[in-house]
Amino acid sequence: MAQSRNTLSFGAVNASIPAAAGIGLRSPHYREALHGQPKPAWLEVHSENYFATGGPALRMLESLRRDYPLSLHGVGMSLGSVDAPDGRHLRQLQQLIARIEPALVSEHLSWSAFGGRYLNDLAPIAYTESALAAWVQRVAQVQDFLGRPILLENPSSYLQFDYADYSEAEFLSQLARRSGCGLLLDVNNLYVSCRNHGWDELDYLLALDADRVAEFHLAGHRRNQIGADVILIDSHDGPVAEPVWQLFRMVLQLFGNRPTLIEWDADLPDWHTLIGQAARADRYMEQNYVQAA
């Protein structure tokens, strides 16, 4: 099941992103991304931060695309809403894709807007047959508009609906097969959700369609004590936790190496700390490659 250590292709996209560790770029690190050493293998940015038709941020991204493979990661499409896709949002994303030519474009399995009102979070969906049919139609519509497949990321979750036709992993796999999209496996989200709900990580991974997984994410989380209970929160404000690193090594053994992103969005560290996290992910991928050879 192991992929090439050099590149990954999914669907109609010939992904130039190597199966190596990249960094989620945030504005305080623009200078280091351009001039710092060592450099990560690739960069990922939040799409919505670059929807303007000009300005310094977009010019910086255009400069970086000359030195790095890029991936666009969206947080605002709200694909799980009952509302129709936001046409303005899609047009802005389409224009950014044409300008930056990213190797991968991704979004979340969630919703965040309804009737013109927007949540400051990614809300969960019910894993039912009717929801799946709606998602398949919605994703196909978006992919047709953009002219390319997208990746969908498994969410971090803190509650479960009383009724479901599918497990989360089964829902994702069915959605990918029926719509033609790919999957972005966030290993930290997987760990957080499994700990919060008592799911088994291996069962979840074995239920995923491995051929559809095109990218991994790694991030930090927090432990919140609520009375006698502990809930994990996907916070992106610290280093990758040791149990998540161990789960990542299991993921590599099952799926092979993929482009792997270090996400850190709050309480940002210095550039060298991010590079160190990426280097650790690269070491595990190199070990996995040698073992699989």
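One is the number of the first residue; the rest follow in order along the sequence.
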The test is salt bridge (Lys or Arg N to Asp or Glu O under 4.0 Å); show your working for D209 and R177 and say whether it passes. CA-CA 8 Å; D209 187 335; R177 291 168 188 149; 3.0 Å; yes
Apply side chain to side chain contact (heavy atoms under 4.5 Å, CB included) to residues V240 and R280 and explain how you reach the verdict. CA-CA 10 Å; V240 179; R280 184 170 179 180; over 6 Å; no
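For the residue pair E201/Y191, the side-chain donor-acceptor check at 3.5 Å is not satisfied. Side-chain contact of D270 with T273: a donor-acceptor pair under 3.5 Å is present, judged by distance alone. N288 and N257 form a side-chain donor-acceptor contact under 3.5 Å, judged by distance and modelled atom types alone.
Put simply, CD on E215 and OG on S106 are 5.5 Å apart, with the number rounded to the nearest 0.5 Å. One distance of note links CG of D86 with CG of L93; it measures 11.0 Å at 0.5 Å rounding. With values rounded to the nearest 0.5 angstrom, N196 atom CG is found 4.5 Å from I231 atom CD1. Distance check: L268 CG to D237 CG gives 10.0 Å after rounding to the nearest 0.5 Å. Atom CG of L43 is separated from atom OH of Y68 by 5.5 Å, given to the nearest 0.5 angstrom.
Counted within 6.0 Å of NE2 on H197, heavy atoms from surrounding residues, nucleotides or ligands total more than 12; the atom is thus considered enclosed.
Using a 4.0 Å cut-off between a side-chain N of Lys or Arg and a carboxylate O of Asp or Glu, R148 and E101 do not qualify as a salt bridge.
Using a 4.5 Å cut-off between side-chain heavy atoms of Ile, Leu, Val, Met, Phe, Trp and Tyr, with links allowed through other members, L159 and V192 fall into different hydrophobic clusters. The hydrophobic cluster containing I226 also contains L232, counting ILVMFWY residues as joined when their side-chain heavy atoms lie under 4.5 angstrom apart, directly or transitively. Cluster annotation: V290 and L252 are assigned to distinct hydrophobic clusters (Ile/Leu/Val/Met/Phe/Trp/Tyr, side-chain heavy-atom contacts under 4.5 Å, transitive). Side-chain heavy atoms closer than 4.5 Å link hydrophobic residues (I, L, V, M, F, W, Y) into clusters, and following such links, possibly through other members, connects L172 to L202. Connection of F161 to Y158 is not established within any shared hydrophobic cluster, with ILVMFWY side chains joined at heavy-atom distances below 4.5 Å, either directly or through further cluster members.
Judged by distance alone, with hydrogens and angles left aside, the side-chain atoms of S193 form a donor-acceptor pair with the main-chain N or O of S157 at under 3.5 Å. With Q143 contributing its side chain and I150 its backbone, the two residues share a donor-acceptor pair below 3.5 Å. Proximity of a side-chain donor or acceptor of S173 to a complementary backbone N or O of A207 within less than 3.5 Å is detected. For D186 (side chain) and E153 (main-chain N/O), no donor-acceptor pair under 3.5 Å exists by modelled atom type. Panel note: side chain N154, backbone A169; no donor-acceptor pair is recorded below 3.5 Å. A distance-only check finds a donor-acceptor pair linking the side chain of D165 to the backbone of E129 [under 3.5 Å]. R258 contributes a side-chain N or O that, together with a main-chain N or O of V213, makes up a donor-acceptor pair within less than 3.5 Å.
Residues F255 and L208 are in side-chain contact: their nearest non-hydrogen atoms beyond the backbone lie under 4.5 Å apart.
Using cut-offs of 30° and 60° for the angle between ring planes, the F51 and H89 rings count as perpendicular. Below 30°, between 30° and 60°, or above 60°: for W135 and F171 the angle between ring planes is above 60°, a perpendicular geometry. Ring geometry for H73 against H217 counts as perpendicular: the plane angle is over 60°, on a 0 to 90° scale with 30° as the lower cut.
Qualifying side chain to side chain donor-acceptor pair (under 3.5 Å) partners for Q141, counting only residues two or more places apart in sequence or in other chains: none. Remark: E62 pairs with R99 by the salt bridge (charged side-chain N to carboxylate O under 4.0 Å, His left out) rule, at least two apart or across chains.
Minimum heavy-atom separation, A20 to A41: CB-CB, 3.8 Å.
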